[in-house]
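Data block below; observations after.
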Amino acid sequence: MPRQYPIEKVRDIGIIAHIDAGKTTVSERVLFYTGVSHKIGEVHEGDTVMDWMEQERERGITITSAATTCFWTPTYREGDKNFEHRINLIDTPGHIDFTVEVKRSLRVLDGAVVVFDGVAGVEPQSETNWHYADEYKVPRLCFINKLDRTGASFDNSYRSILERLTPNAVLLQIPIGLENHFEGVIDLLTRHAFRFEGDKGEKTVGGEVPDNLKDEVEKQRHHLIEKIVEHDDGAMHEYLGGGEPALDKLKAVLRKATIGNALVPVLCGSALKNKGVQLVLDAVVDYLPSPADLPPVKGINPETHGEEERKPSDNEPLSALAFKIASDPFVGTLTFFRVYSGIMKRGSYILNSTKGGQERIGRILRMHANHREEAEEIYAGDLGALVGLKDTTTGDTLTDPEHPVVLEQITFPEPVISVRIEPKTKVDQERMGIALRRLAEEDPTFRLRGDIETGETIISGMGELHLEIIVDRMKREFKVEANVGRPQVAYKETVKGTAEAEGKYIRQSGGRGQYGHVWLRLEPMERGQGFEFVDAIKGGIIPQEFIPAAEKGVHEAVDKGVLAGYPVVDVKVTLYDGSYHEVDSSEIAFKIASAMAFQEAARRAKTVLLEPIMKVQVIVPPDFLGDVTGDLSSKRGKIKAMGERGTVRTIDALVPLSEMFGYSTTLRSMTEGRGSFTMEFSHYEEVPASVATAIIEGKKK
Ligand code: GDP
């Protein structure tokens with residue numbers, strides 16, 4: 001089957017928002033309106049409220065799909081099939097605990113709609129997400145939502161975008177009325193006043209600008225056009241000569257500037273009151289890039305190690321990125337992928353160039369708002385989900401085996417918070433293991449490990465909410481009940497010096513004996529390097545067959561820790577000497593011997609505790625600046641920068657995570673509820689000796 005939509009008519013976009021700004025509501029409206037537009041001619045007048053709720057419920061479920069496909073014909077071309085576009089909506093999470101999810105969705109989307117609450121304007125987390133989008137150079141549109149709410153201010157919201165996010169934001173629309181009187185929006189370029197009629201606002205009706213807004217429209221329109229023509233010499237020339245470039249020309253220049261991140265169009269409305277969302281879709285088509293508008297992706301050829309490029313074209317060899325693994329109740333494992341070049345074909349073989357194995361492509365699915373479709377082929381620039389892929393995890397590249405390439409990896413930060421979790425019953429115990437392993441496969445920032453001493457399971461993640469959601473999913477999706485401990489900081493251990501030690505496990509009295517004997521050397525590695533095992537045994541002093549067992553012994557000892565039961569990191573372990581016995585040596589004896597040697601060597605090499613340090617940004621009114629910085633310093637925080645932003649002050653600091661538990665309550669009471677903060681993981685650092693002693697003592701109890 002040839003491709004249905006030329007690549008120019010594809011958009012891969014995400015909706016980014018601060019929690020509660022209205023991302024879910026906007027997405028639901030998008031799926032509703034696009035569903036309506038796709039079934040042209042369908043009459044909706046007769047729909048009962050019940051139908052609408054049913055549909056909403058269905059959408060409420062599928063909205064969490066990693067990628068949902070929908071179709072949109074711009075309202076100004078209504079009914080023109082040739083103008084229908086395929087929009088792939090990529091799910092992005094709203095909470096700071098899921099920065100990784102935000103990052104990985106940003107990695108595969110080409111453009112984003114950033115939703116703001118029209119009362120609150122820019123909130124701290126919108127800033128964090130905005131900066132991530134900057135990092136990935138994602139072209140954006142802004143949608144100032146909730147203009148129907150009491151206290152909504154379009155002007156203040158727009159100003160907060162200009163001051164706090166980007167001076168390149170330009171108004172494409174202004175609202176007609178606000179709060180209770182919010183009626184619709186005016187498109188500045190065309191001077192059309194739009195109202196949204198029908199039960200669900202599905203009819204977009206253009207009309208004359210109301211008299212009382214005519215001056216404002218002209219003023220803002222003038223400003224918009226000046227901003228646009230700056231980005232094109234021809235248009236600028238025409239404008240300076242006293243003319244105005246044609247509408248198509250203005251739109252084309254604005255499109256180019258938006259894709260180049262030089263301008264950010266701002267739109268407005270109320271998703272809840274069904275006002276304005278269709279025009280956001282028009283703007284997605286008009287101003288956000290198609291995959292073909294983007295430069296070729298770069299990757300490394302795993303054979304030659306040279307850099308290679310893949311153009312966004314069906315004629316190139318296949319390159320695709322697996323960006324999300326999900327377990328689905330009907331089909332099992334779903335691997336969501338984006339094709340950057342070439343075609344993903346059912347029945348063909350692909351190479352997982354990150355891991356090295358080949359797999360055959362079985363079923364390919366496309367997710368729609370309320371159904372899924374079997375696909376034979378997914379073309380360059382498009383997204384889909386593979387069913388039943390075995391060894392692929394998030395971030396892996398899938399390529400043509402004949403033309404392998406590894407695309408840039410998605411890097412995931414280390415989980416920093418852990419809780420102990422204990423199944424309620426024996427039945428739960430079995431299921432818990434399966435459930436947690438499944439969830440860990442889906443989410444690279446979620447880890448689990450067993451505490452060998454207590455037999456308990458410890459799960460670690462990015463934040464308290466992250467772990468709460470994992471436990472909740474375990475309950476709902478896997479029906480596992482568990483007791484959950486208090487969140488704890490995920491400390492680590494490391495060695496400061498180099499040391500050698502011997503491990504001997506020898507039992508030779510009566511019956512079959514045991515004989516394992518090794519010498520290990522431990523050396524510190526740089527922070528973040530993890531763990532490395534080197535086999536430096538020469539001349540068969542220890543036979544090859546026992547080396548894996550010795551390595552396993554080291555691994556177990558590393559996991560178990562030396563000081564306080566936290567895993568040891570950033571250490572290189574070299575097995576360089578030992579001996580064996582013809583009859584008595586066994587794998588188990590070597591495993592025990594090397595675990596013993598590791599513990600002894602770690603003690604000699606001076607083991608210390610490491611703690612996660614968080615990058616914290618606090619925003620407060622000036623009156624509270626002193627109190628807040630004083631408090632951060634008392635929390636072992638280091639103030640890195642202070643700044644002014646409009647009427648408020650910002651404080652950037654590095655603070656140990658252990659000091660940040662309950663900070664939202666502290667900050668609230670310290671600032672009469674007017675302060676806010678965001679926090680993300682920065683790095684691991686050695687715990688000061690006095691603090692470390694308390695932690696180690698606490699663990700022993
Ligand atoms: P999310 O957390 O960003 O997904 O936000 P939701 O879509 O769940 O919306 C959060 C709350 O704001 C819900 O109670 C919505 O009903 C409400 N909401 C969303 N959009 C609007 C809007 O345009 N106007 C008003 N008044 N409320 C809205």
Side-chain angles (χ1 to χ4, degrees), residues 13-33 49 52-53 55-66 68 89-99 101-102 105-106 109 112-130 132-133 140-154 156-158 161 173-185 194-196 198-202 204 266-281 369 463 465-466 468-469 472 676 678:
I13 64 148
I15 299 177
I16 302 179
H18 184 278
I19 203 151
D20 249 20
K23 195 189 80 167
T24 311
T25 314
V26 172
S27 311
E28 281 172 353
R29 296 307 186 263
V30 165
L31 295 181
F32 176 70
Y33 296 129
V49 176
W52 166 235
M53 282 171 61
Q55 278 165 331
E56 281 225 316
R57 195 167 313 133
E58 265 184 20
R59 295 204 166 83
I61 297 161
T62 50
I63 223 166
T64 58
S65 168
T68 311
L89 200 60
I90 294 153
D91 189 43
T92 63
H95 195 274
I96 189 76
D97 274 9
F98 310 119
T99 37
E101 294 270 340
V102 176
S105 44
L106 289 175
L109 51 76
V113 176
V114 187
V115 180
F116 299 90
D117 180 328
V119 179
V122 174
E123 294 168 86
Q125 212 211 314
S126 347
E127 284 187 73
T128 313
N129 288 339
W130 190 273
Y132 284 136
R140 269 150 278 179
L141 304 174
C142 293
F143 179 63
I144 301 176
N145 188 32
K146 301 200 186 184
L147 288 185
D148 62 301
R149 268 185 69 190
T150 311
S153 169
F154 178 70
N156 288 345
S157 299
Y158 174 52
I161 294 172
Q173 303 175 335
I174 61 167
I176 310 173
L178 279 178
E179 305 180 317
N180 275 337
H181 304 292
F182 177 58
E183 289 172 26
V185 300
F194 287 102
R195 290 186 167 74
F196 305 90
D199 278 0
K200 300 128 209 167
E202 64 273 22
T204 309
V266 178
L267 297 92
C268 63
S270 161
L272 188 70
K273 296 288 160 69
N274 306 313
K275 290 183 170 67
V277 175
Q278 293 98 326
L279 301 181
V280 174
L281 286 166
L465 186 70
H466 184 201
E468 270 167 33
I469 287 179
D472 183 57
S676 62
T678 54

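Owing to the predicted nature of the structure, the values given are computational and were not obtained by experimental measurement. Counting convention: from 1, in listed order, for ligands and their atoms alike. Heavy-atom basis, side chains included; hydrogens, waters and symmetry copies ignored.
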Protein contact to atom 26 (N) of ligand 1 [nearest heavy atom, distance to 0.1 Å]
Asp148 OD2, 2.9 Å

So which protein heavy atom does atom 7 (O) of ligand 1 come closest to, and at what separation?
Thr25 OG1, 2.5 Å

Considering only heavy atoms of His18, which atoms of ligand 1 have at least one such atom less than 4.0 Å away?
3 (O)

Can you tell if the side chain of Val114 reaches within under 4.5 Å of the side chain of Ile15, non-hydrogen atoms only?
no

Applying side chain to side chain contact (heavy atoms under 4.5 Å, CB included), run through Leu106 and Ile16 and close with a yes or a no.
CA-CA 10 Å; Leu106 289 175; Ile16 302 179; 3.7 Å; yes

Can you give me the closest heavy-atom contact between Thr150 and Val119, atom names plus distance?
O-CG2, 3.8 Å

Going by a strict under-4.0 Å cutoff (protein heavy atoms only), does atom 19 (C) of ligand 1 have a neighbour on the protein?
yes

Where is the tightest heavy-atom contact between Leu109 and Ile90, given as atom of each residue plus distance?
CB-CD1, 3.7 Å

Do me a favour and list the nearest non-hydrogen protein atom to atom 2 (O) of ligand 1 with residue, atom name and distance?
Asp20 N, 2.7 Å

Considering only NZ, NE, NH1 and NH2 on the basic side and carboxylate oxygens on the acidic side, decide whether Lys146 and Asp20 come within less than 4.0 Å.
no

Between Glu183 and Arg195, is there a salt bridge with N-O shorter than 4.0 Å?
yes

Please identify which atoms of ligand 1 are closer than 4.0 Å to at least one heavy atom of Ser270.
22 (C), 23 (O), 24 (N)

Side chain Asp148, main chain Ser270, donor-acceptor under 3.5 Å:
no

Test your reading of the structure: does Gly22 have an N or O sitting under 3.5 Å from an N or O of ligand 1?
yes

Mark up the atoms of ligand 1 that fall under 4.0 Å of a heavy atom belonging to Arg149, in ascending order.
25 (C), 26 (N)

Side chain, backbone, both or neither: which applies to Ala21 and ligand 1 if a contact is any heavy-atom pair less than 4.0 Å apart?
backbone

Side chain, backbone, both or neither: Thr24 near ligand 1, heavy atoms under 4.0 Å:
both

Hey, are Asp117 and Arg149 close enough for a salt bridge, meaning a charged N less than 4.0 Å from a carboxylate O?
yes

If I apply the N/O under 3.5 Å rule, does Ala271 come out as touching ligand 1?
yes

Among non-hydrogen protein atoms, atom 27 (N) of ligand 1 lies closest to Leu272 CD2, 3.5 Å

The one among Lys23, Lys273, Glu28, Lys146 that brings a heavy atom closest to atom 11 (C) of ligand 1
Lys146

Can you find an N/O atom of Gly269 closer than 3.5 Å to an N/O atom of ligand 1?
no

Flag the pair Phe196 / Val185 as yes when at least one side-chain heavy-atom distance between them is below 4.5 Å, and no otherwise.
yes

Beyond-backbone contact of Lys273 with Phe182, side-chain heavy atoms, under 4.5 angstrom
no

Atom 4 (O) of ligand 1 protein-contacted, heavy-atom criterion under 4.0 angstrom
yes

